[in-house]
Amino acid sequence: MAKQLLLIDGNSIVFRAFFAMHNQIDKFTNKDGLHTAAIYGFKLMLDHVLGNFHPDAALVAFDAGKVTFRTKMYADYKGGRNKTPEELTEQLPYVRELVRDSGLHSYELKDYEADDIIGTLAREGDEAGYETLIVTGDRDLTQLASDHTTVAVTHKGVTDTEHYTPEHVKEKLGITPTQIIDMKALMGDSSDNYPGVTKIGEKTAIKLVKQFGSVEGIYENIDQLKKSKMKEHLVEEEEVARQCKTLATILRDAPIDIKLADLKYNGPQTEKLIDFYQKMDFRSFLKKMNVLPDEQKVEIAPIKYTELTADNLELVTQLGDRGSFYLEMPDANYHTSPFAGFVLGNGEQWLVSRDPELLKTKQVQKWLADSDIKKDVFNAKAQIVGLNRLGLELKGIDFDLLLASYLLNTNDNSNDLGKLAHEHEYTDVQTDEEVYGKGVKRSIPDEDETFFKHLANKARAIEKLRSQLFKQLDENEQLPLYTDIELPLTHVLAKMEITGVHVNAQTLKNMGSKLTERLAEIKEQIYQEAGEEFNINSTKQLGQILFEKLKLPVIKKTKTGYSTAVDVLEKLAPQAPIVENILQYRQISKLQSTYIKGLLKVIHSSDQKIHTRYLQTLTQTGRLSSVDPNLQNIPVRLPEGRRIRRAFVPSHDGWQIFSSDYSQVELRVLAHITGDHNLQEDFKNGEDIHASTARRIFHLKPEEKIDRNMRRRAKAVNFGIVYGISDYGLAQRIHVSRSQAHEFIQSYFKEFPKVKDYIHDTIEFAREHGYVETITHRRRYLPDINAKNFSRRSFAERTAMNTPIQGSAADIIKIAMIKMQDELEKHHLKTKMLLQIHDELVFEAPKEEIPVLSKLVPDVMDSAVKLSVPLKVDSKYGDTWYDLKK
DNA sequence: GTTGTCACG
DNA sequence: ACGTACGTGACAACC
């Protein structure tokens with residue numbers, strides 16, 4: 001086997017590692033206050049690379065300083081770059097130490113960049129018959145790819161890489177690796193700060209390179225080009241193009257004074273590495289190496305606990321007026337999870353047990369149900385539901401660590417108490433993964449001491465973090481959000497989950513058998529049309545049939561092959577009857593697998609109901625999500641799918657399903673937040689908002705009629721505005737030209753000027769503060785808002801403007817739900833709230849309560865908050881979820 | 001475990 | 001020229 005050579009672009013990897021973890025920069029420091037994120041990331045990358053590639057020789061190349069032969073020939077080279085932050089430069093010496101201790105050589109050369117060292121050694125490697133892997137964060141190095149040299153460019157983070165071989169370059173760009181140099185010379189490079197030829201970007205550059213082979217080729221054949229602006233620029237800027245080519249070219253013959261033979265890789269020097277990790281406080285790596293001495297392994301403050309038994313229950317009555325409580329349910333689904341044990345207590349006394357029956361004793365029961373005893377918990381909803389299964393109530397909940405933490409930062413939230421505590425710099429508790437293991441090996445420890453200690457540590461973590469998190473909520477002006485919205489909502493959601501929704505299994509089964517028949521018919525037809533049998537559900541096999549065997553045109557590719565998504569198939573449908581059948585097959589098999597089989601699986605046999613779980617601490621915007629099963633995406637748009645809703649029925653005879661939904665809530669929020677006069681007027685006048693938008697942006701006179709197409713387009717524009725519009729995206733959606741879409745958008749901004757201001761101001765706010773917020777001060781941090789990478793930054797900008805809108809709408813319905821539950825109880829109604837679907841609330845109710853609800857629910861919902869435009873609510877009811885009528 | 005697809009607001 | 005609308009979850013296939 002050929003010898004293997006590993007070449008790492010040290011500086012670019014360090015930069016990548018540093019910026020990949022930039023949003024948690026302060027979490028990565030050692031005890032001396034040294035920042036370590038880049039060192040840590042570099043180490044992750046090394047492990048990852050060496051896990052897959054076993055080099056005989058290895059070198060990390062570094063830049064030797066700012067001045068290089070390139071800056072000498074072109075003063076602006078790499079000019080305009082921001083100064084490297086101190087937090088990064090202080091790490092560089094340690095990266096070199098890590099490299100050395102890991103058994104890799106490192107090298108730098110005055111006047112040359114790391115690229116040139118790598119380029120030179122890669123050539124030598126090629127000539128000496130090595131297989132070479134180059135690891136870098138800089139796409140420019142892909143020009144070095146060859147038959148025996150692969151270039152791995154970090155993609156996201158530092159361990160996710162894209163491997164460039166000559167074939168891969170060809171596939172992506174249609175040119176050879178060395179032609180990348182010509183392409184870059186023409187298009188320029190804004191980060192290296194050389195200009196290229198005016199008006200030539202990637203597309204044009206590739207076209208020219210394909211046609212003429214190289215920059216030199218272009219100028220030899222410049223006469224072949226038709227007269228055009230582009231040609232003028234090329235002729236005028238020939239000097240520039242040629243100079244840029246030199247700048248873009250990585251040297252293959254830098255005057256290095258090392259040889260391949262000097263680069264032998266001998267593996268890490270374990271002793272030194274251990275010292276190094278200790279110096280850096282890299283505990284996870286030390287643990288992996290199994291070198292933490294026992295007492296250091298669990299570097300957790302000692303804790304005392306008492307096992308609760310039938311004989312010492314009086315200890316519970318002595319706990320005072322505040323305590324932590326934690327019931328351990330090892331499965332994520334707390335409706336069905338076993339109970340592994342529990343802990344309750346306070347700083348002085350931690351009482352633990354494996355026996356859930358003890359919770360039912362009168363002492364514990366009383367402690368749990370006493371609302372004067374304040375409870376601190378982790379995931380209150382899970383605890384309420386779990387205890388409810390034991391016939392117990394939990395009252396007086398004050399602090400929910402999970403919920404509070406989510407409000408503080410939706411990004412680094414975790415369902416693992418230990419992990420979450422670590423995020424908040426509290427380390428006297430281990431993660432569940434550490435104590436229970438993961439995957440199939442996950443289990444509750446048999447040894448009492450291990451398990452009980454972990455339980456007690458968890459309860460202590462909750463207690464210790466309470467005041468700190470409350471303080472942070474206060475600083476963010478989020479205490480009302482926590483106290484008046486999220487915590488009361490947890491109780492409402494718990495009730496809804498416990499109530500569950502009644503589902504008629506027989507209805508589903510009947511539908512299922514019909515679908516099975518239809519599926520078999522369509523399948524036969526597809527096989528006939530294809531001329532062979534294959535797995536229609538496999539996109540890979542389907543792609544081969546459609547695009548190779550039947551030779552249909554390829555419209556879109558995914559990163560692994562041909563795309564066969566709906567929009568693609570719809571374009572192909574006129575060309576081959578098989579396509580229509582495949583669309584049918586897809587639709588029906590989706591219904592069959594996800595909705596018929598899927599729902600049947602989760603009906604509880606005890607009550608014929610489905611009990612979903614609402615995740616209250618997951619979304620980035622403040623919406624809820626629903627799992628096990630997801631009841632927020634039951635089909636409604638297509639008639640075939642909609643029938644699934646016939647199986648959702650009331651749980652008592654003589655009851656009905658009642659549902660109310662907000663009309664255009666997000667656009668109303670937009671009108672409120674932006675204060676746009678025209679948008680507010682349209683809502684105040686109670687108009688069909690898409691129609692009035694159409695009237696405005698298409699400049700219709702009052703007597704002119706709005707045709708359907710105009711309304712459809714205006715509706716798409718309205719959605720687009722909420723989502724962070726682009727002309728391209730709008731054009732795709734409504735099948736118009738990009739320039740037409742552009743005009744629509746411009747016209748919209750002219751008619752609704754404050755919307756335009758809002759978008760601008762919100763992005764500015766995010767840039768300055770790093771987050772955006774909703775009407776209730778719900779926050780979303782946007783670490784990418786100042787990213788260099790265009791697409792990441794653009795994405796952050798779109799979310800910056802969308803989140804306050806989507807999130808405020810979520811706030812509104814949450815407030816409505818709390819009020820609604822209050823009203824139901826106040827009026828002693830039997831009605832139960834069952835489901836929330838983002839802008840809709842679904843209830844089951846005795847028929848005689850329907851008239852009450854028809855007034856009460858809309859009243860509560862439209863008065864949930866006071867906006868500068870009215871909220872509108874529509875209600876429907878019927879015998880099943882399918883049959884709802886006004 | 002990741003990817004592609006498709007269900008919802 | 002860039003790369004392409006926001007937020008979710010479940011399933012089947014494939015690695």
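The figures here come from the full heavy-atom set of this structure, side chains too, leaving out hydrogens, waters and symmetry mates.
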From CD1 of I644(A) across to P of dA10(C) the rounded distance in Å is 16 Å

Testing dT3(B), dA7(B), dG9(B) for proximity to the side chain of K559(A), the answer is dT3(B)

Answer for the Watson-Crick or wobble partner of dC2(C), both distances under 3.5 Å, is none

Per nearest nucleotide of DNA chain C, the residue lying toward the 5' end, R623(A) or S538(A), is R623(A)

Check this one for me: any side-chain N or O of R586(A) less than 4.0 Å away from OP1 or OP2 of dG4(B)? no

Considering only heavy side-chain atoms of T799(A), the closest of dG7(C), dT4(C), dA5(C) is dG7(C)

Nearest heavy-atom contact between A241(A) and V197(A) is CB-CG2, 3.9 Å

Contact class for S794(A) vs. all strands (heavy atom < 4.0 Å): base, sugar-phosphate, or nothing?
-> nothing

Taking dA5(C), dG7(C), dC8(B) as options, the one with an atom nearest any side-chain atom of L730(A) is dA5(C)

Looking across every strand, which nucleic acid part, if any, lies under 4.0 Å from V627(A) by heavy atom: base, sugar-phosphate, or nothing?
sugar-phosphate

Closest to the side chain of H838(A), out of dG9(B), dA7(B), dA1(C), is dG9(B)

How are the rings of H611(A) and H335(A) set to each other: parallel, tilted or perpendicular (split at 30° and 60°)?
-> tilted

inquiry  = At 4.0 Å (heavy atoms only), tell me whether T564(A) reaches a base, stays on the sugar-phosphate, or touches nothing.
reply    = sugar-phosphate

**Message:** Classify N802(A) by what it touches in the nucleic acid, base, sugar-phosphate, or nothing, heavy-atom distance under 4.0 Å.
**Reply:** sugar-phosphate

(request) Would you mind classifying the nucleic acid contact of L624(A) as base, sugar-phosphate or nothing, using non-hydrogen atoms under 4.0 angstrom? (result) nothing

Against the side chain of Q541(A), the closest entry in dG7(C), dC14(C), dC6(B) is dC14(C)

Look at S563(A) and dT5(B) and indicate whether a side-chain polar atom (N or O) is within less than 4.0 Å of OP1 or OP2. yes

#### Entry: OP1 or OP2 of dA12(C) under 4.0 Å from side-chain N/O of K540(A)
no

_Regarding T204(A), tell me which of base, sugar-phosphate or nothing describes its non-hydrogen contacts under 4.0 Å with the strands shown._
sugar-phosphate

In whole angstroms, the gap separating P of dC8(B) from OH of Y723(A) amounts to 13 Å

For Q620(A), which contact category applies under a 4.0 Å heavy-atom criterion: base, sugar-phosphate, or nothing?
-> sugar-phosphate

Mind checking if D727(A) touches a base, just sugar-phosphate, or nothing, with heavy atoms under 4.0 Å? nothing

Can you see whether Y728(A) has R738(A) sitting over its ring - NZ or CZ less than 6.0 Å from the centre and within 45° of the normal?
no

Item to complete: Establish, with yes or no, whether the OP1 or OP2 oxygen of dA12(C) is under 4.0 angstrom from a side-chain nitrogen or oxygen of N535(A).
Response: no

- Between dT3(B) and dT4(C) - P atom distance, rounded Å: 16 Å

(request) Indicate whether OP1 or OP2 belonging to dA12(C) is found under 4.0 Å from a side-chain N or O atom of K590(A). (result) no

Once hydrogens and angles are ignored, does a donor-acceptor distance under 3.5 Å link the base of dA12(C) to the side chain of N537(A)? no

query = Looking for any heavy atom pair under 4.0 Å, which part of the strands does R798(A) touch: base, sugar-phosphate only, or nothing?
reply = sugar-phosphate

Interatomic distance at P, dT5(B) relative to dA5(C), whole Å
15 Å

All heavy atoms of L834(A) vs all of G500(A), minimum pair found to be CD2-O, 3.4 Å

Taking dA5(C), dA7(B), dG3(C) as options, the one with an atom nearest any side-chain atom of A716(A) is dA5(C)

With sugar-phosphate meaning primed atoms plus P, OP1 and OP2, does R733(A) contact a base, only sugar-phosphate, or nothing at under 4.0 Å between heavy atoms?
base

### Task
With R780(A) as the cation and Y771(A) as the aromatic partner, state whether NZ or CZ is under 6.0 Å from the six-membered ring centre and within 45° of the axis.
no

- Task: Scan I837(A) against the nucleic acid and name what it touches under 4.0 Å (heavy atoms): base, sugar-phosphate only, or nothing.
- Result: sugar-phosphate

In whole angstroms, the gap separating C1' of dA7(B) from CZ of R645(A) amounts to 11 Å

Which of dG7(C), dG9(C), dT5(B) is nearest the side chain of N630(A)? It is dG9(C)

Interatomic distance, CD1@I582(A) vs CG@L542(A), rounded to 0.5 Å, equals 4.5 Å

In whole angstroms, the gap separating P of dA1(C) from CD1 of I206(A) amounts to 12 Å

* Asked: Touch check for S726(A), heavy atoms < 4.0 angstrom, all strands: base, sugar-phosphate only, or nothing?
  -> base

Nearest heavy-atom approach of N413(A) to T617(A) is OD1-O, 3.3 Å

I555(A) CD1 to dG4(B) P, in whole Å, measures 18 Å

Whole-Å distance, I536(A) CD1 to dC6(B) P, equals 14 Å

Tightest non-hydrogen contact, residues K549(A) and A530(A), listed as NZ-O, 2.9 Å

note: E570(A), atom CD; dC6(B), atom C1'; distance rounded to Å ~ 12 Å

Would you indicate, yes or no, if dT5(B) has its OP1 or OP2 atom less than 4.0 angstrom from a side-chain nitrogen or oxygen of T539(A)? no

Picking from dC11(C), dT5(B), dG9(B), the nucleotide nearest the side-chain atoms of V636(A) would be dG9(B)

When rounded to whole Å, the NE2 to P distance for the pair H233(A) and dA1(C) reads 11 Å

Query raised in the report: Between the side-chain atoms of Q806(A) and the base atoms of dC6(C), is any donor-acceptor pair under 3.5 Å?
Result: yes

Practice problem: Would you classify L618(A) as touching base, sugar-phosphate or nothing, given that sugar-phosphate means primed atoms plus P, OP1 and OP2, and contacts are heavy atoms under 4.0 Å? | Solution: sugar-phosphate

The residue, K601(A) or K203(A), whose nearest nucleotide of DNA chain C is more 5′ is K203(A)

### Query
Looking at K872(A) and D862(A), does any basic side-chain N land under 4.0 Å from a carboxylate oxygen?
no

field: Touch class at under 4.0 angstrom, heavy-atom based, for R738(A) against every strand present
entry: base

